[in-house]
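Chain naming here is simple, since letters A, B, ... match the order of the sequence lines and numbering starts at 1 in each.
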Amino acid sequence: MSTSGQHQFRYTQTPSKVLHLRNLPWECIEEELVELCKPFGKIVNTRCNVGANHNQAFVEFADLNQAINMATYFASSSEPAQVRGKTVYIQYSNRHEVVNNKGPGDVPGNVLLATIEGVEAGDVSIDVIHLVFSAFGFVHKVATFEKAAGFQALIQFSDVETASAARESLDGRSIPRQSLSPFYLWKYLLPDHVSSCNLRISYSAHRDLSIKFQSHRSRDYTNPYLPVNPSAIEGFVQPAVGPDGKIKEPESNVLLASIENMQYAVTVDVLHTVFSAFGTVQKIAIFEKNGGTQALIQYPDISTAAVAKDAIEGHCIYDGGYCKLHLSYSRHTDLNVKAFSDKSRDYTIPNSTVWQNSQTASMFPGNEFSGGGAGPTWYPNTQAGRPPFVSGPSTFPGQTYSQSSVPAYAAAADFSVMQPGQISGASQPPRQHNMGPGGASHPGQPPYNG
DNA sequence: AGCACA
């Protein structure tokens, strides 16, 4: 019988620690709400730009009395609450908490994360990004990178206010095709083939970016003396031209391996074993790209990488044409990888005993081969401090190994092409190992074809 | 100038 509102005024003033603010300017940002409200108490959450006109907001105080303080203050004040000169009307909200307005990217900070939609990394230069964001204040640092989300940039400002202004102004807008500014050389900011490039801007959790080099991917405008990474300056270094006139890709200490015909899982440990034959492997990362599996393998220097590349290129990890490796030089010079995950390793991290135990446990299940007699001549670069393949809980506890069934790491021992000593015999066809990978890591897989 | 659609 009754309808809502029958027993109460429509807008009762039941106190709530959430205040409802109206008549805000459309562009009102959270900082302005905070400035207005924080004299009265601790703000635990806000929601701004509410409603079709973006002119309402909610502010939640930690304590009810703080909200009452603010509401009663402005109710009796001769000076109304104002934001940008507009009078703001304040009442208690009919709810008692502000619902989740904020994802991780909505927590204001001085560093912005910009996703540039619809472009490839090469389409928008770091100079253009710098130009666009410099309109709001001094840009300290810029770092760009490619992620699954697309081409992204981190832009570091001095303070939250500047970053917020840039975000409010640029989020959802497109980088203009042309710059009308007479002060910059870039007349055209975008290549012709880019039809649109919307900016999606959120806040980064970073406060201070760590820029190691000035390069086409990263800049530190506060430190002009930061070393330039020559291999990373696009266009500065002409690509080397080989004797055949073809452009050679610039060399790098990091190799990019594409794994073809990957019938069997290729783990970080398998790659480490294979690539360690040529020098210390510092880091490994495995990832999927274009439906295939790729890996980055980092050596300390280019020469080691070059030797490994020439020796391994085109060869298979496993007999039968499985897991064929194609190598090129990566553009990376220093990988940023998790120290220990199923897709990456950082072997440079000292005191790595924590993960070494689990590594040996998962990769070298038996201790049959840890004896001195099985000295790993096939493993010429055993790292100092690295324990032998000690016993550990087996991943395959029920499995026993016969003489002919060899753990996976032994495959490399038979992988004669991997021996550095044979690199000079360039014309020698690779003698692949005689074991299928099922022997160790895939008990159900076809047996080796020895 | 009057309550959020995640």
Checklist entry - Going by atom types only, do A/Q91 and A/R22 share a side-chain donor-acceptor pair under 3.5 Å? => result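 Yes - a donor-acceptor pair under 3.5 Å links their side chains.
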Item to check | Flag for A/R207-A/N110: side-chain donor and acceptor within less than 3.5 Å | outcome: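 Checked: A/N110/A/R207 side chains pair up, N/O donor to acceptor below 3.5 Å.
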Of all the nucleotides listed ([options]), which has the minimum atom distance to the side chain of [X]?
X     : options             : value
A/R22 : B/dA4, B/dA1, B/dC3 : B/dA1
A/H20 : B/dG2, B/dA1, B/dA4 : B/dG2
A/N23 : B/dA1, B/dG2, B/dC5 : B/dA1

Item to check | Presence of A/R47 side-chain N/O under 4.0 Å of B/dC5 phosphate oxygens OP1/OP2 | outcome: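 Yes, such a contact exists.
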Item to check | A/T222/A/F138 under side chain to side chain contact (heavy atoms under 4.5 Å, CB included): CA gap, chis, key distance, verdict | outcome: CA-CA 10 Å; A/T222 68; A/F138 179 65; 3.9 Å; yes
Next on the checklist: For A/W26 and A/H54, take the angle between the two ring planes, folded into 0 to 90°, and tell me which bin it lands in: parallel under 30, tilted 30 to 60, perpendicular over 60.
Outcome noted: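 Plane angle under 30°, so parallel.
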Checklist entry - Does a sphere of radius 6.0 Å around CG in A/N336 hold more than 12 heavy atoms from other residues, nucleotides or ligands, not counting ones at 6.0 Å or beyond? => result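 Atom CG in A/N336 is not crowded, with 12 or fewer foreign heavy atoms closer than 6.0 Å.
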Atom-pair distance ([atom1] on [X]; [atom2] on [N]), nearest Å:
X     : N     : atom1 : atom2 : value
A/N49 : B/dC5 : CG    : P     : 11 Å
A/H96 : B/dC3 : NE2   : P     : 17 Å
A/F74 : B/dG2 : CZ    : P     : 20 Å
A/L24 : B/dC3 : CG    : C1'   : 13 Å

Item to check | Within residues 54-68 of chain A: residues closer than 4.0 Å to DNA chain B (heavy atoms) | outcome: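 DNA chain B contact set from residues 54-68 of chain A: A/Q56, A/F58.
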Checklist entry - Using a cut-off of 4.0 Å on non-hydrogen atoms, how would the nucleic acid contact of A/N94 be classed: base, sugar-phosphate, or nothing? => result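 Result for A/N94 = base.
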Item to check | A/E32: partners by salt bridge (Lys or Arg N to Asp or Glu O under 4.0 Å), with sequence neighbours left out | outcome: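 Applying salt bridge (Lys or Arg N to Asp or Glu O under 4.0 Å) to A/E32 gives A/R84.
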